[in-house]
> 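Structure provided below as structure tokens; questions to follow.
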Amino acid sequence: MNNYRHVIIRYFINQQKIEFSKTLLMEGMSVTDIAMLLNFNTSSYFSTVFKKFTALSPMDYLKKQQDS
């Protein structure tokens, strides 16, 4: 049961980080800087987590938002 709670908590934390990162992307912050700010080990791992939550890479998300 503890492991299950840990997974839920990690999911919620990552969800919040990705929501915040969307704002940072729109403000022009780089993917690398966002990854560092939000304590992801690498920008590659940040991009992987971002894509799991949005189905888009950070740059594809930014482009889609700018085209809207």
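Excluded from the calculations below are hydrogen atoms, water molecules and symmetry mates; all remaining heavy atoms, backbone and side chain alike, are included. Since the model is a prediction, treat every value here as computed from it, not as a measurement.
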> What's the spacing between I18 CD1 and L38 CG if we round to 0.5 Å?
7.5 Å
> For atom CE of M26, is the number of surrounding heavy atoms from other residues, nucleotides or ligands below 6.0 Å larger than 12?
yes
> Nearest 0.5 Å please: distance from the OG atom of S30 over to the CE atom of M59.
9.0 Å
> Roughly how far, to the nearest 0.5 Å, is the NZ atom of K17 from the CG atom of N14?
6.0 Å
> Taking the side chain as C-beta and beyond, is there a heavy-atom pair between H6 and I9 under 4.5 Å?
no
> Side chains of S47 and P58: closer than 4.5 Å at any heavy-atom pair?
yes
> Would you give the length of the straight line joining atom CG of L25 to atom NZ of K63, rounded to the nearest 0.5 angstrom?
14.5 Å
> I need the F46 CZ to K51 NZ distance, nearest 0.5 Å.
13.5 Å
> May I ask you to decide if the ring planes of Y61 and F50 are parallel, tilted or perpendicular, using 30° and 60° as cut-offs?
perpendicular
> Mind running side chain to side chain contact (heavy atoms under 4.5 Å, CB included) on I8 and F12 for me, showing each step along the way?
CA-CA 6 Å; I8 291 173; F12 176 76; 5.6 Å; no
> Stepwise, does the side chain to side chain contact (heavy atoms under 4.5 Å, CB included) test hold for T54 with K22?
CA-CA 10 Å; T54 65; K22 291 176 183 178; 3.7 Å; yes
> Shared ILVMFWY cluster between Y45 and I13, side chains joined below 4.5 angstrom?
no
> Around M36, counting heavy atoms of other residues, nucleotides and ligands shown, do more than 12 lie under 6.0 Å from its CE?
no
